[in-house]
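Before any comments, here is the structure.
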Amino acid sequence: MPRQRLALALGLCLLTGSSLWALWVYVKTWLPVSYVPYYLPCPEILPLYPQPKLLEQRPTGLLTLTPWLAPVVSEGTFDPELLQHIYQPLNLTIGVTVFAVGKYTRFVQHFLRSAEEFFMRGLRVHYYIFTHDPAAIPRVPLGHGRLLSIIPIQAHSHWEEISMRRMETISRHIAKRAHQEVDYLFCLDVDMVFRNPWGPETLGDLVAAIHPGYFTASRQQFPYERRRVSTAFVADSEGDFYYGGAVFGGRVASVYEFTRGCHMAILADKANGIMATWQEESHLNRRFISHKPSKVLSPEYIWDDRKPQPPNLKLIRFSTVNKDTSWLRS
Amino acid sequence: DTQPDVPVLTPWLAPIVWEGTFNIDLLDEHFQSQNVTIGLTVFAVKRYICYLTMFLQTAEIHFMVGHRVNYYVFTDQPDNVPRILLQKGRQMVILKVQSYARWQDISMRRMETISIFSQERFHREVNYLVCVDVDMKFRDHVGVEILSSLFGTLHPGYYAIGKQFFPYERNPQSQASILENEGDFYYTAAFFGGSVPEVYRLTKACHQAIMMDQANHIEAVWHDESHLNKYLLYHKPTKVLSPEYMCHTAEECIWFQNKRGLSTIVKRVRFVTLQKNMSYIRTDEGSAQTGSEKGNGSQPYSSS
């Protein structure tokens, strides 16, 4: 009968309509890869304010709180036992990304061994080793609750290209699998070793680390990208700290947004035939000005062993391995 | 522009908010770009309704200016709520609640009410909740620097003294009991808050603990404040507000604060109590008195 048919058709329309709506809502809330808007950042008009200084007036103290109320983590500012006690029952998994491409595969063993000794002891960890040569990655015994995944990536001829691709690779990797596997993610350079405990005091929504070469410098001296044409451009009046590209991290969703933003900016520069002066570190620094980190790690967490250790940095936790950079990059 | 010589970070890396530790322009920019709405809950039950006018007028001048604010006024007399002219982006929601015979119950039932409303409507309407006493007024800026997942405020009467002297509930039969060697700070129940989910968790836990105590015929020495302190000991706040955010102006308290050296540290008096009888200040530092001795005086310290 026509009325029955009409009712049936109406019911079917309603069902289709509501399932389409439900699908749209689902897609809107988590669609990491397929829709990526073209992003060209406009210079933010931030009010001028004095640069925060890591070394306080008192000669022995380090700044412990940024002007936007992010803690600056250094030895003595936190109770490691208390933090372990707080984080242990939360059953979190901490991810780590490292890129071991070309000759950099030789650093993996020492990196992993030192991480097993010092990084997030007692917590679940998942290492992601991105490499062009999976066979070159050594087997390192891992502690309980700690995993390792080797992810093959394309090799590039120029080390700059490799470096610039990291942001894209990390964001893609998060979208594809890391968002399901880890709660927090740290993106570290591989040519470094852990020398002292690195624990849950470093966990936060978006975490940056102060570059060891510039923590006494004024913002005008920071090696920001200074060409206006670049998306990584930073004016003389801008800047808080110069952050190192070797260490950043945070909640996995925040790291996704951060790396995606940097990647978009890198693409925009590429379209204009520009490469920023310190590659992705320049873009990282640009982004950290407008998206301030919720936690800042002191240079204890990103040290350069060639530098003499100043008295106010009490415990070097993560630092460079002595190496011949020019040979490595050839 | 130097930082004050006060602790600015807890051992679990939560900032302690003092004047001089933050740049408000940076923080305003951050929160404005996220278009946050802040809910302010206040209970004006029985004669406490008379405090509303001053409370709301001063909040209009000093509280979260430039951001969206919802005042949630819980009262047993909705018709007597003063109609205050509010700035743009700010609105008042009047919510009827039950009155209780005992002021202690009125105070403790706030936990239940906030938890229910958090679940039923606050989560849809605001990003952050700030829960305060009504017999107070704002005297200086209280803004987005306080916002965090979970924040507590240092009680000025117990700042800079040893934890063994905090008026925690010590009776092991109570859900709020804290052992002698435990404790970080003594927080006031007159000013706490956080994200809606975290405030929901806190108020629900406190309400359940209060009900369990009631079933065992126990009442914690400082009522909802005792339970709040127990909760924040085991669920550390992500920000702690300095005593700038909870000041006492009664003469006796000023004397007491001076004795503690507090007036030299508190550079901005932001949120102050109106006349309250502060019986706690009659205890010396050397003698930690139990709850039953403390509760003298017709108008107790911590609440309506």
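- For chain A, no part of B:Ser33 is nearby; none of its heavy atoms comes within less than 4.5 Å.
- In this structure, chain A has heavy atoms under 4.5 Å from both the backbone and the side chain of B:Leu13.
- Each of A:Ile210, A:Ile302, A:Val207 was evaluated against A:Leu297; a single residue qualifies, A:Val207, per the side chain to side chain contact (heavy atoms under 4.5 Å, CB included) test.
- The environment of NZ in B:Lys137 is sparse: at most 12 heavy-atom neighbours from other residues, nucleotides or ligands sit within 6.0 Å.
- A donor and an acceptor atom, one from each side chain of A:Ser319 and A:Arg195, are located under 3.5 Å apart.
- Ionic pairing of A:Glu75 and A:Arg317 is present here: one or more N-O contacts between side-chain nitrogen and carboxylate oxygen are shorter than 4.0 angstrom.
- Of the two parts of A:Ile86, only the side chain, counted from C-beta on, holds a non-hydrogen atom closer than 4.5 Å to a non-hydrogen atom of chain B.
- Top candidate by heavy-atom pairs under 4.5 Å with chain B, chosen from A:Gly204, A:Pro80, A:Gly76, A:Pro71, is A:Pro71.
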